[in-house]
Protein chains: 2
Amino acid sequence: MQLEVKSKTWLEADGKFIMGEHGIALLDAIDELGSIQHAARRVGWSYRRAWGYLKTMQRHAGVPILVISHGGTAGGGTRLTPQARKLLREYKRLQKTLRATIRQKSRLLFSY
Amino acid sequence: MQLEVKSKTWLEADGKFIMGEHGIALLDAIDELGSIQHAARRVGWSYRRAWGYLKTMQRHAGVPILVISHGGTAGGGTRLTPQARKLLREYKRLQKTLRATIRQKSRLLFSY
DNA sequence: TACCGATATGTTTATACATGCATATCGAGG
DNA sequence: CCTCGATATGCATGTATAAACATATCGGTA
């Protein structure tokens, strides 16, 4: 029997949800693709869902996350602010540390 | 603005949920009170809810968790197996470590 | 100034999951 | 063998969340 410890982490500001691991993946995709539309497809979300997620993220986070533009040949697009990029970087680093800690410390739980 | 990292941890066996932090509290209460009924009240759950939770826990966990008895002046009762006690102990130790890690490592995220 | 592709948003439908209610069962002790 | 308090479980209902649908808006560019 495979016993394992699972975990989730997310970010809150003043007790309100900002983003979780799916949000991280979405922002990563936006950073790469320059568009909410394309990023949503990439992570398997509908545009509607991604948009709603980002909306509450923006509302709850104090710092600006997205730089949105309209028009042009591409029809518009979305980029990340430098603060958002830094947040992503640090958050992923923390996740990595936590995963390692769990892997390392959960050995005792498996001795059955 | 108070930015903070939140986390949840839980136990799975072969991909199936066994217990989370509420389950830990429930088992703790059972260990102390010797009864599902009383433990449920203690943690603010209905007996129905606690029973359903424990049922799937037992079904998914390979090791025996509960020792249940019927009858007697007390009407019956429930105790934990030694393995369950050990599991609780180790799991809580892991949670403590993780909380400390998050507190320590999330400082960088707050520099805005 | 018309077009196009992306952003913006309300409304509805589906669904999973929690909660509450009612009731059956168990068995040591008196 | 009856009682009592705890365990056991079906079922109906409520609720919160997600998926689907429809439609409006924006503004650089050709």
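To find a chain, count down the sequence lines: A is the first, B the second, and so on, and within it residues start at 1.
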- Message: Test: side chain to side chain donor-acceptor pair (under 3.5 Å). Region: residues 67-79 of chain B. Which pairs qualify, not counting sequence neighbours?
- Response: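 As it turns out, there is no side chain to side chain donor-acceptor pair (under 3.5 Å) pair with a partner in residues 67-79 of chain B once direct neighbours are skipped.
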- Task: Could I get the full list of side-chain contact (heavy atoms from CB on, under 4.5 Å) partners for A/S106, not counting sequence neighbours?
- Result: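 If we apply the side-chain contact (heavy atoms from CB on, under 4.5 Å) test to A/S106, skipping adjacent residues, the hits are A/V5, A/I102, A/L109, A/F110, B/L94.
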- Query: If the sugar-phosphate is the primed atoms plus P, OP1 and OP2 and the base is the rest, what is the B/S/- string for nucleotides 6-18 of chain C, using protein heavy atoms under 4.0 Å?
  - Reply: SBBBB--------
- Task: Return the set of residues passing side-chain hydrogen bond (donor to acceptor under 3.5 Å, both in side chains) with B/K92 (not counting sequence neighbours), or none when no residue passes.
- Result: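 Expected list: B/D28.
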- What's the CG-P distance between B/L66 and D/dA6, to the nearest Å?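 Rounded to whole Å, this separation is 16 Å.
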- Expressed in angstrom and rounded to an integer, what is the separation of B/R59 atom CZ from D/dT9 atom C1'?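 That distance rounds to 13 Å.
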- Only pairs at least two apart or in different chains count here, so list each salt bridge (Lys or Arg N to Asp or Glu O under 4.0 Å) that has a residue in residues 93-106 of chain B.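 As it turns out, the salt bridge (Lys or Arg N to Asp or Glu O under 4.0 Å) pairs with a partner in residues 93-106 of chain B, which skip direct neighbours, are B/E90-B/R93.
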- Please tell me which of B/G72 and A/T73 maps to the more 5' nucleotide of DNA chain C, matching each residue to the nucleotide holding its nearest heavy atom.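 First, find each residue's nearest nucleotide; the 5'-ward one identifies A/T73.
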Identify all side-chain donor-acceptor contacts of residues 43-55 of chain A below 3.5 Å with residues at least two apart in sequence or on another chain.
| from | atom 1 | to | atom 2 | distance (Å) |
| --- | --- | --- | --- | --- |
| A/S46 | OG | A/R49 | N | 3.1 |
| A/Y53 | OH | A/G20 | N | 2.8 |
| A/Y53 | OH | A/G23 | N | 3.3 |

